[in-house]
Amino acid sequence: MDAHVSASTSSPATVAVAGEDENLSGEAERLERPPRRQKQQRNNYGSNADSPDGAVLTVPSVVIRDSTARPSRLSGGGVGGGGDGAPGPSQQEIEEEQGLKYGAQHVIKLFVPVSLCMLVVVATINSISFYNSTDVYLLYTPFHELSPEPSVKLWNALANSLILMSVVVLMTILLIVLYKKRCYRVIHGWLILSSFMLLFIFTYLYLEELLRAYNIPMDYPTAVLIMWNFGVAGMMAIHWQAPLRLQQGYLIFVAALMALVFIKYLPEWTAWAVLAAISIWDLIAVLSPRGPLRILVETAQERNEQIFPALIYSSTVLYTYMGTHYTPEQPLPTTTSSPSSSNSTTTTRATQNSLASPDPGAGASSSSRSGNSRHGQRQQENNQAAAEGMPLVSFKNNLHGNAEAAGFTQEWSANLSDRVARRQIEVQTTQSGNGRRSNEYRTVTTPNQPQMEAQEERGIKLGLGDFIFYSVLVGKASSYGDWTTTIACFVAILIGLCLTLLLLAIWRKALPALPISITFGLIFCFATSAVVKPFMEKLSAKQVFI
Amino acid sequence: MTLPEFFGCTLLAFGPPFSLFVFTIANDPVRIIILIAAAFFWLLSLLLSSLLWFAVVPLQDVLAFGVVFSVLFQECFRYIIYRILRSTEQGLHAVAEDTRVTENKHILAYVSGLGFGIISGMFALVNVLADMAGPGTMGLKGGTELFFITSAAQALAIILLHTFWSIIFFNAFDTNNYLHIAYVMGSHLFVSLLTLLNADAHYWATLLPSYIVTVLTGVLAFKVAGGSARSAKRFIMCQ
Amino acid sequence: MDISKAPNPRKLQLCRTYLMTGFAFLPFVWAINVCWFFDEAFRKPPYPEQSQIKRYVIYSAIGTLLWLIALTTWIIIFQTNRADWGATADYMSFIIPLGSP
Amino acid sequence: MANLKTTPLWLLLLLQVIIVRGERTRDTMYQPILGASCFRRLNGTHQTGCSSTHSGSVGVLHLINYDADLDFLLGNPPSPPYAPMIPPHLFTRSNLLRLKEAGPKIISAVLLINKSEKMQQFSHELSCPNKYSGIGRGGNSSETCDESNTALTWNPWGTGLLHEDFPFPIYYIADFDEILKLENCFTKFNSVNFDSQALRSLCAVEVKAFMSAAVNSEVCMRRTNFINNLGGSKYCDPLEGRNVYATLYPRNSSEFIDETKLRKSNPAEKFIIISCRLDTTSMFDGVGVGAMDSLTGLATLTIVAHMLRQLLPDQNTLPDPHRNVLFVAFNGESYDFIGSQRFVYDMENLNFPRRSAQSTPISFENIEFMLDIGTLDDIRNIRLHTLHKSSTVAQKLLQQLNRYAKSSLYDFQLNIGSNAGYNMPPTSAQSFLRRDDNFPAFILNALPSNKYYHSIYDDRDNVGFMYANTSQDYTALTDVSDFKNFNANSLQMKIRNVSSIVAMVLYETLTGRQYEYKDVANPVLSDEFFYCFLQSSDCPLFKASSNPDSPPGLPLPPMRYISVLGGSQESSGWTYRMLGYLLSQPQPQVLKENCTQLPLFYYSGFNGTGECRLTTQNYTHALSPAFLINNYNWSSGQYSTWTESTWSQFSARIFLRPSKMHEITILSIGIVVFIISFCLIYIISSRWEVLFDDVPASNAAFPPPTNC
């Protein structure tokens, strides 16, 4: 058992890399280009069929994605330049607001799965007593806190958490090395093995304890069939292709299982110590200039790679949107002939000019810089990141729960066309029913609509690390049998998550996700169970409402 | 197992807030976030008040003391969240999916009020509900079997009251209407202190007045939010 | 992934793979297949691969149904006769209930 | 960072320190009831005892004062299920079977309340204890006695409820305060008006005593031994304990441990077995000291051993220096002679004593005869039971016994009757006779007069024991005329007499000379003995017979139910020490620090100043051979197959059970409120701009948020 547990604890640690958003599969993207044409023909958009493809093909060449290019662009735009003095800041604001807006949306898109995960854990803790009592211990926690002395327990907990943390750190470094050395097979094998373990062994354990808790008889053929189906479908969903909802469901369940394992096998104080320690490690690993996770993600971006699909939760927002380039040979009339109110065409032109101008410079700068392939990739990266138009929430994570937002920062330091892009995204999203918008917004970029194509699905990704440790916190809190504590922890963690995302939007620099939430969670957990609980119990016993 | 009791009380206390949430909050991420933020602030206020209660050992059995101060703390935090929301209005206006959130100031008030109400209702009731799921009911050592249903009803009243109070309160600060502020504080104090009577099972003495207050506050909030008898009539007439 | 945006051959291939996988005693995979490709098979405007997909989906549906029936009958049989079967039932059991024969 | 890391821990410290003041609502809803529960035992073919449902059995309290109250419950009661509170005198077989027939729908639990005023008898053992495991009463009948003929049964008052299976838990409440709680709750809520009970909330009790095992030992052992998944679960354990044996003289026939060689007994050795039974049992967990049904026998054995130790000279001076006396206290005899069956089994396989004892095994050839001390309910009519009238040993023994019993010198004024034939009392000797009915086994057994055989009421009142607490020396014999101011027919004196007689007979048998001293057993010893076993293990005798450094016993009588592996083996442990102390020879020359290896043992002794003694006592394993033999036929009845089910907890609590109407009202209120609010709010939210008409016009135009 220990062996399994150890393996599985280490394994999600390997999900350090969180690449750019097309994590689901690169091939998916490649395969999706043809249908664009098809679709377009079906929808017979105003623009001709080839331009989008050409567009996509020219994506690499469109490399002016540096904020450095911005003044040139401003000067470049003739009419647009004049018009740009005012729009500049306004666009600045727009950018802000889009960031926050999608922030808002995606905060919710994170809230739901996180809450679900917590729900599973709390329900299990309260219904299956097996997960409530620690009798077997992990390999990593040699001190079992058996003495009644608080001081002894304290140093036991600290020692345990130190050991555990060092294991985690080692795993991370090992992963970095593997990744630098491009041993993808090893890493993938690792991931598959660990998810296999979770999906089969721990699910088996879970099923057994569930049935035992309710004293339900079951025969082996049925049990084996259930396990086999559940496990294989899970492997397919996580490592291959399956409906998104299914994949999300599996990931949530796996995270919940993992959290339950921690709750079950960590001694009481150690669990709290580990929570504290891990959030600190989180800070270090992300914020320190040579933090391992930062290194990881940076390499990932240099290589322009997708992350490992396993154990990264991705909630998908559908953006019908394509790259933000504008091919000069494309005749303007197509846009003017686009279905839009005539009064908006002026603004349209302005935007188009402002859009049209950079591209030559772009080509130049790209050719000039073509030598530096690394940089080129990076910028292409930016471009893609921009294309995702999903900046704020696309921060990533590994099991240590490191909110990694390198990609995000780049996206945010991206330049005007990104913003225009985002404005377009926004328009599109509003049309695709994600929200209601007033008409004046729509007019601005109507002309670009024809060019906007369904690209592959984009979404926020949150490493299961957060899920797991949030759930551990809440589960631990609920294991004391007091619901007010549980609720307090829950609210505190969600608020922490909100704050993290907010700071992410404001500071535009990589921030870890755990520290704020976990700190809030811990403070509220202990404060509630120590101070608030007696008060509330006194009140509710006397039926006094405040 | 008196699960029926459990579900009955749960639906009674949290059914209306739930439907409010479903129909008015759930579609707008910004509102959800504001709701949770409000809940968080209420938690802070509760934490402070219970710290006070905890610190002042001699008065720990005098609940009135704790109640009064927690009411004050809650109103303080209501004010704080008011300031915060108003100061971030610009941002919100930009962020909001659905601009009514900002253009109709009452929605902010309503959402945060609901947040206050739901969390306070939960804190007051959730442990009682958990105990309700057992095989027994109240009344073995004192206490009547009305305990649960009355608790649930009271909780519902409190949840609604918090919502109304926030609407009135926010608007009052917008329009410097100190009367309304006083009313909010007063009614909150009144209701909370009134529930002290529950200890002696004077349920009608507490429930009736607090529901009357709820209705009054509701009407006031309705007016404040721009409703009027005429509009109500139009509404009912379905025009 | 979002199936609606995958190219048709891809869809067909996926659907087929799911069907084939299902034969390894994996009715759940069949069920997924049905739910996943139902719209593709029956709701979408026709396209060349659709007939194939439709057939696969129907096969999967039948398979799922058969498995469901078989499993439920087996479970009913087992639960009703567990006490009578004695030792064999015990050796077959994943969870033997406490306090009952 | 560092302090941020440690803050939660300090907060946790704070949390540990704080005693939570506020009480949860459930504390006011529930009130725990302390008591002892009946539990489930299984044998090769049946399950006996009782079990609650998995989540605990809930029943409305109903006090039973007369049989009429039962009729009320069993007629058609207003709001079943009920939990009748039954006083002992109504806890009869007929009543219990009626309740059982009513089924768990009507009767979900039974509370036995300790109001024993009207109680005449209370024994739930079979009227023929260990009915099927004896030699049978001759002919082809396998039963030890004839239940139809109460004159010939060994427990005429037995109802046999101990061997019934009940679908509901039975909970015994001894403490009067707890009983008062129950009765107050009943009178306050239930007994107001029985007809309108269905409309009221009633005082109900929830008993949790869920038993894991089911069907019979075979099934539950199979399930226990079959690991069918990761965490194998335990269903039942075999009843298991330790026999205590000790020899009068240390044996000097040691053997070298050589696993390869077959063990051989030493034919020269001759043993006289004096045996009795160590354990008792009752229906409820942890209650029942078995004062009369088994403790008198153990007392006699102990005192006989002590007296012989005091009387007899060195073994070499005996006419036959190879003769020795083997005292054995068998454990688990209440459950088909577990201890003696195992003893016999070991002897057959030359496995007694075990190799680890490093002495030659004892075989049946070594045994001269066996004197088994059964139940001594009534000292005045003890009888010596033999299987064959013609047994000369028996006649000699009887004649000797009576000589001393009637001797004017001691004036015991007893008469030991005799009884030959197959109708033997249910004692350990049965196991020996069952193997070979020519085995010279004789049973000292009184006519059954114990109305509380194997029950919770077989306590010191039943034997009329009063602790004199004369802190006099009990280690020395006393003159026959010295009563130590005990009443002549007090328990202590009775035991003194009977044990003196037995000891004298053994003295004569061993030395060949009549016993004509005036020294007899010391009544103080029996006084101390009964105090230890009936009232408190923290007693002078146990103190004296344990190591000075070892902690004192609990202020409770030792548990004398055999229980299972890992269960409390208190009684065997104390008996082991006590026999060892009373049978051992002091070794003044050995220093304390050298006195660590058995057979040397360091006792604190009578006056607490430690002394080193050469001991002879030891344990043997009392686990039925049925659990050793591979694929043993469980229904064969050859060996005891008793197992005890495992359980997670025993608990009972009273509370108010709401009436159906109350529940339904609340539920419907909730549902109605919810639905109304749901619709109302939907309408409002869909047409809210109508309601609030003076919102800015720009907004009024907007469509409302639709729930997607």
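Chain A is the first sequence line, chain B the second, and so forth, proteins listed ahead of strands; every chain is numbered from 1.
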Test side-chain contact (heavy atoms from CB on, under 4.5 Å) applied to Val532(A) and Trp53(B), step by step = CA-CA 9 Å; Val532(A) 178; Trp53(B) 172 82; over 6 Å; no
task = Examine whether an atom of Tyr203(B) lies under 4.5 Å from a heavy atom of chain A, and if so say whether it belongs to the side chain, the backbone or both; otherwise answer neither.
result = side chain
message = Heavy-atom cut-off 4.5 Å, strictly under: side chain, backbone, both or neither for Ala155(B) against chain A?
response = both
request  = Go through the atoms of Gln154(B) and report whether side chain, backbone, both or neither lie under 4.5 Å from a heavy atom of chain A.
outcome  = both
task = Identify the heavy atoms of Val128(B) and Ser540(A) that sit nearest to each other, and give their distance.
result = CG2-CB, 4.0 Å
message = Please classify the contact of Leu63(B) with chain A as side chain, backbone, both or neither, using a heavy-atom distance under 4.5 Å.
response = side chain
ask   = Does Tyr214(A) have any side chain to side chain contact (heavy atoms under 4.5 Å, CB included) partners at least two apart in sequence or in another chain, and if so, which?
value = Ser127(A), Leu210(A), Ile216(A)
Where Ala527(A) and Leu47(B) come nearest, the two heavy atoms and their spacing = CB-CD1, 3.6 Å
Closest-packed option against chain A by number of heavy-atom pairs under 4.5 Å, given Val191(B), Leu43(B), Leu161(B), Leu193(B) = Leu43(B)
ask   = Atom CG of Leu125(B) and atom OG1 of Thr484(A): how far apart are they, to the nearest 0.5 Å?
value = 12.0 Å
task = Examine whether an atom of Asn126(A) lies under 4.5 Å from a heavy atom of chain B, and if so say whether it belongs to the side chain, the backbone or both; otherwise answer neither.
result = neither
inquiry  = Could you check whether Phe535(A) and Phe123(B) have their ring centres less than 6.0 Å apart?
reply    = no
ask   = Given side chains that start at C-beta, do those of Ile487(A) and Ile119(B) come closer than 4.5 Å, heavy atoms only?
value = yes
ask   = Taking C-beta and beyond as the side chain, do Phe545(A) and Ser120(B) meet within less than 4.5 Å on heavy atoms?
value = no
ask   = At a heavy-atom separation under 4.5 Å, does Val71(B) approach chain A through its side chain, its backbone, both, or neither?
value = neither
message = Would you compute the distance between atom CD1 of Ile546(A) and atom OG of Ser50(B) and round it to the nearest 0.5 angstrom?
response = 8.0 Å
Chain A contact via Ser70(B) - side chain, backbone, both or neither, heavy atoms under 4.5 Å = side chain
message = Under a 3.5 Å distance rule, please check whether Asn198(B) uses its side chain to pair with a backbone N or O of Lys542(A) as donor and acceptor.
response = no
ask   = Does any non-hydrogen side-chain atom of Met536(A) lie less than 4.5 Å from one of Leu46(B)?
value = yes
request  = Inspect the surroundings of CZ in Phe65(B) and state if more than 12 heavy atoms from other residues, nucleotides or ligands are less than 6.0 Å away.
outcome  = yes
task = Indicate the ring-plane relationship of Phe524(A) and Phe40(B), choosing parallel, tilted or perpendicular according to the 30° and 60° boundaries.
result = tilted
query = So what's closer than 4.5 Å to chain A heavy atoms on Thr150(B): side chain, backbone, both or neither?
reply = both
Ile158(B) portion near chain A, given a 4.5 angstrom heavy-atom threshold = side chain
message = At a 4.5 Å cut-off on heavy atoms, which part of Leu129(B) comes close to chain A: side chain, backbone, both, or neither?
response = neither
key: Taking every non-hydrogen atom, the tightest pair across Ile36(B) and Val491(A)   = O-CG1, 4.2 Å
key: Asp28(B) vs Ile108(A) side-chain heavy atoms within contact, under 4.5 Å   = no
note = Here the gap from Leu494(A) atom CG to Leu35(B) atom CG, rounded to the nearest 0.5 Å, amounts to 11.0 Å
query = Distance from Gln543(A) atom CD to Asp200(B) atom CG, nearest 0.5 Å?
reply = 10.5 Å
